[in-house]
Engineer: 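Dropping a structure here in C-alpha cells format, bear with me for questions.
Numbering starts at 1 and runs along the sequence shown. Just so you know, these numbers use all the heavy atoms, side chains as well, and skip hydrogens, waters and symmetry mates. These numbers were taken from a predicted model, which means no experiment stands behind them.
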Amino acid sequence: MKRITFLICVLFLNLTNVNAQGAIYFPPLAGDSWETISLSELGWCEDEIPPLYEYLDDQNTKAFLVLKDGKIVLEKYFDTFTKDSLWYWASAGKGLTAFLTGIAQQEALLSITDTTSTYLGEGWTSCTPEQEEKITILNQITMTTGLDEEFEAYCTDPECLIFKADVNERWAYHNSPYTLMDEVISSATGLSMNLYLNSRVKSRTGMDGVYVPVDDNNVFFSTPRSMARFGLLMLNRGQWDLTDVLTDEVYFDAMVSTSQSLNEAYGYLWWLNGKESYMLPQTEMVFDGPLIEAAPDDMFAAIGKNGQYLNVVPSENLI
C-alpha cells in the first residue's frame, strides 16, 4: 500500500522573521473565504517551496497547509485531491476526542477521575472487578490502563481487554481503550459523538467532518481546512475568535502537558515536543531527547498513521 500523507504541518524554512507574531485571524464560519499571507511578507525562503512540493508529491501527500497567525501561507493539494476532498484523521483524531472529553467535564457531565465502569458498566473488560474498578477515564486518555495492547489491539469486546499490569504502572499505546472513549462520551452526554461534536465544536468553528465506523474504530473524516480550523482552535486555547468552546484552562493545560511520569512526551492523547525523553507506539523503550528535534520545544501534535499530522506551535503562532 502506498504511504498516503494528509499533512498539516509546521514548516521551518530558515524562519528568520517568524517570531514576529500578530493577532490571530479566524476565517468566517461559512464559505471559502480565508485570508492569506505571502512568503515575502514573512521573509521566508521562497526558493525552498518547489523542492518541498516535489518531496511531498513523492511521498504521496494529499494536502499540505501552513498557517501563520491564522492566515494561510501555504496550501497545496496533489493529484485529484482538492480542498473539498474528505480524508481520514486516523489517530490524529485522538486530539479531537481529548478536546471533547474536556468539554464534557466542563459541562459536569463526567470527570476524568471517574471510573470507566461508571459509563460502560461492569464487565467491559476481562479483568477482575477489583482490577477493572481502578481504570479511570484519565487512564484511557493517557494510555495507562494496564490492559494488554498486544492482544487484539483494536478489539473493544470484553474478551479482548485483558489485564497486563496495574493502572499507571506502564505506558502503552493502546487503541481499544481510546476507542471506547466514544462510548464514554456518548453515555455521559446522551448524544452520539457526531451530535456532540456538531453542537459543541463544529457549529462554533465552521469545521466540517463526520465520525464513520471503520472496522473496530470510529474514525473522523474531514476536509484539510477543517483540520486547520481545529488547529486554530487549539492555538487559541479552546476559544474561536470571541466564542468560548473549551473554557476549562486547567484541563487545557493538562491536555498539552506531560500527563504521567512514564512517557514525558504524551499529554491527554496529544504528543508533546521538547521533553527530555519520549516513548513510541509498539515499544516499551524510552528514547532520550525531544520527540522532533528540529521543531520548537513547545510544539504539540495530533498524529495518525500514514502521515496524518496536525502540529501546533504556540510560540510562533504556527499550524
Side-chain angles (χ1 to χ4, degrees), residues 1-7 9 59-61 87-98 101 116 124-127 131 135-182 213-220 255-295 299-311:
M1 180 181 295
K2 289 185 177 180
R3 176 173 179 259
I4 302 175
T5 303
F6 168 33
L7 182 60
C9 180
Q59 297 302 311
N60 299 308
T61 299
W87 196 250
Y88 63 88
W89 288 27
S91 284
K94 288 180 168 69
L96 191 55
T97 298
T101 302
T116 303
W124 66 275
T125 72
S126 292
C127 300
Q131 292 166 343
I135 301 174
T136 66
I137 293 173
L138 183 60
N139 294 128
Q140 288 178 272
I141 61 177
T142 60
M143 300 292 180
T144 56
T145 62
L147 298 172
D148 189 353
E149 78 283 0
E150 295 181 352
F151 183 82
E152 302 292 342
Y154 294 93
C155 173
T156 56
D157 297 332
E159 58 267 25
C160 299
L161 302 170
I162 61 178
F163 178 86
K164 186 166 186 176
D166 287 333
V167 296
N168 302 316
E169 290 299 314
R170 48 189 309 269
W171 185 91
Y173 195 83
H174 193 180
N175 272 292
S176 299
Y178 150 71
T179 301
L180 285 169
M181 277 302 304
D182 295 1
V214 179
D215 297 325
D216 290 318
N217 296 313
N218 200 20
V219 181
F220 192 67
M255 180 172 59
V256 293
S257 301
T258 301
S259 60
Q260 27 62 52
S261 61
L262 302 166
N263 185 358
E264 295 183 5
Y266 208 70
Y268 294 171
L269 300 174
W270 283 87
W271 291 94
L272 315 173
N273 202 41
K275 306 304 177 183
E276 292 184 359
S277 64
Y278 62 94
M279 296 177 67
L280 294 174
Q282 300 178 335
T283 177
E284 295 187 41
M285 295 180 62
V286 177
F287 301 93
D288 292 332
L291 187 66
I292 302 176
E293 191 170 350
M299 188 186 80
F300 55 87
I303 301 176
K305 71 176 182 178
N306 297 330
Q308 324 311 318
Y309 284 95
L310 172 57
N311 294 335

Engineer: Go through the steps to decide whether Asp216 and Thr179 satisfy the test side chain to side chain contact (heavy atoms under 4.5 Å, CB included), and finish with yes or no.
Structural biologist: CA-CA 8 Å; Asp216 290 318; Thr179 301; over 6 Å; no
Engineer: If you define the side chain from C-beta out and look only at heavy atoms, does anything of Leu291 sit under 4.5 Å from Lys275?
Structural biologist: no
Engineer: Is the backbone of Tyr154 close enough, under 3.5 Å, to the side chain of Glu149 for a donor and an acceptor to pair up by distance?
Structural biologist: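 Here the side-chain-to-backbone pair does not exist.
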Engineer: Using atom types as modelled and distance alone, determine if a side-chain donor or acceptor of Asn273 lies under 3.5 Å from a backbone N or O of Pro290.
Structural biologist: no
Engineer: So, the side chain of Thr125 versus the backbone of Cys127: is there a donor-acceptor pair under 3.5 Å, distance only?
Structural biologist: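 Yes; at least one donor-acceptor contact below 3.5 Å.
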Engineer: Applying side chain to side chain contact (heavy atoms under 4.5 Å, CB included) to Thr101 and Met181, what does each step give before you reach the verdict?
Structural biologist: CA-CA 8 Å; Thr101 302; Met181 277 302 304; 3.3 Å; yes
Engineer: State, with a plain yes or no, whether a side-chain heavy atom of Ile141 is found less than 4.5 Å away from one of Tyr178.
Structural biologist: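 With C-beta onward as the side chain, the pair stays apart.
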Engineer: Mind checking side-chain hydrogen bond (donor to acceptor under 3.5 Å, both in side chains) for Trp124 and listing every partner two or more places apart, or none if nothing turns up?
Structural biologist: Ser117
Engineer: For the side chain of Ser259 and the backbone of Gly267, is there at least one donor-acceptor N/O pair under 3.5 Å apart?
Structural biologist: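 Present.
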Engineer: Under a 3.5 Å cutoff, is there a donor and acceptor pairing between the side chains of Asn175 and Asn217?
Structural biologist: no
Engineer: Could you pull out the closest heavy-atom pair between Ile162 and Ser126, with the gap in Å?
Structural biologist: CG2-CB, 4.0 Å
Engineer: Indicate yes or no for a side-chain donor-acceptor contact from Thr144 to the backbone of Asn168 under 3.5 Å, with no hydrogens or angles considered.
Structural biologist: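 Not confirmed, Thr144 side chain does not pair with Asn168 backbone.
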Engineer: Quick one, Met299 with Ile292, criterion side chain to side chain contact (heavy atoms under 4.5 Å, CB included). Give me CA distance, side-chain angles, the key distance, then yes/no.
Structural biologist: CA-CA 9 Å; Met299 188 186 80; Ile292 302 176; 3.5 Å; yes
Engineer: Enumerate the residue pairs fulfilling side chain to side chain donor-acceptor pair (under 3.5 Å) with a member in residues 276-293, sequence neighbours excluded, ordered by first and then second residue.
Structural biologist: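 Every pair satisfying side chain to side chain donor-acceptor pair (under 3.5 Å) with a residue in residues 276-293: Arg170-Glu284.
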Engineer: Give a yes or no on whether the backbone of Leu262 and the side-chain of Gln260 come within a donor-acceptor separation of less than 3.5 Å.
Structural biologist: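 Confirmed, Gln260 side chain pairs with Leu262 backbone.
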Engineer: Just verifying a value: how many Å separate Met143 CE and Leu269 CG, rounded to the nearest 0.5 Å?
Structural biologist: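 It comes to 5.5 Å.
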Engineer: Do the ring centers of Trp271 and Phe300 come within less than 6.0 Å of each other?
Structural biologist: no
Engineer: At their closest point, which heavy atom of Ser176 faces which heavy atom of Leu161, and how far apart are they?
Structural biologist: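 Taking every non-hydrogen atom into account, CB-CD2, 3.6 Å.
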Engineer: Answer with yes or no whether the side chains of Lys94 and Tyr173 bring together a donor and an acceptor at under 3.5 Å.
Structural biologist: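 Tyr173 vs Lys94: donor-acceptor pair found between side chains.
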Engineer: Can you confirm whether the side chains of Thr145 and Gln140 place a donor and an acceptor under 3.5 Å from each other?
Structural biologist: no
Engineer: Nearest 0.5 Å, please: how far is CD in Gln131 from CZ in Phe163?
Structural biologist: 4.5 Å
Engineer: Atom CG of Asn263 and atom CG of Leu280: how far apart are they, to the nearest 0.5 Å?
Structural biologist: 8.0 Å
Engineer: Backbone N or O of Glu159 within a donor-acceptor pair of the Asp157 side chain at under 3.5 Å?
Structural biologist: no
Engineer: Please name the pair of heavy atoms, one in Tyr266 and one in Leu272, separated by the smallest distance, quoted to 0.1 Å.
Structural biologist: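 Shortest heavy-atom contact: C-CD1, 3.8 Å.
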Engineer: Go through the side-chain N and O atoms of Ser257 and Tyr268 and say whether any donor and acceptor fall under 3.5 Å apart.
Structural biologist: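 No - no donor-acceptor pair under 3.5 Å links their side chains.
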Engineer: Sequence neighbours left out, what passes side chain to side chain contact (heavy atoms under 4.5 Å, CB included) with Ala92? Give chain and number order.
Structural biologist: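 Applying side chain to side chain contact (heavy atoms under 4.5 Å, CB included) to Ala92 gives Trp89, Met227, Ala302, Gln308.
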Engineer: Taking all atoms of both residues into account, what is the closest heavy-atom pair of Lys305 and Tyr88, and its distance?
Structural biologist: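 It is O-CE1, 4.2 Å.
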Engineer: I'd like to know if the side chain of Thr136 and the backbone of Asn139 have a donor-acceptor N/O pair within less than 3.5 Å.
Structural biologist: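 Yes, because the side chain of Thr136 sits within donor-acceptor range (under 3.5 Å) of the backbone of Asn139.
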Engineer: Evaluate the side chain to side chain contact (heavy atoms under 4.5 Å, CB included) criterion for residues Leu310 and Trp270: first the C-alpha distance (whole Å), next the side-chain angles of each, then the deciding distance (0.1 Å), finally the verdict.
Structural biologist: CA-CA 10 Å; Leu310 172 57; Trp270 283 87; 4.3 Å; yes
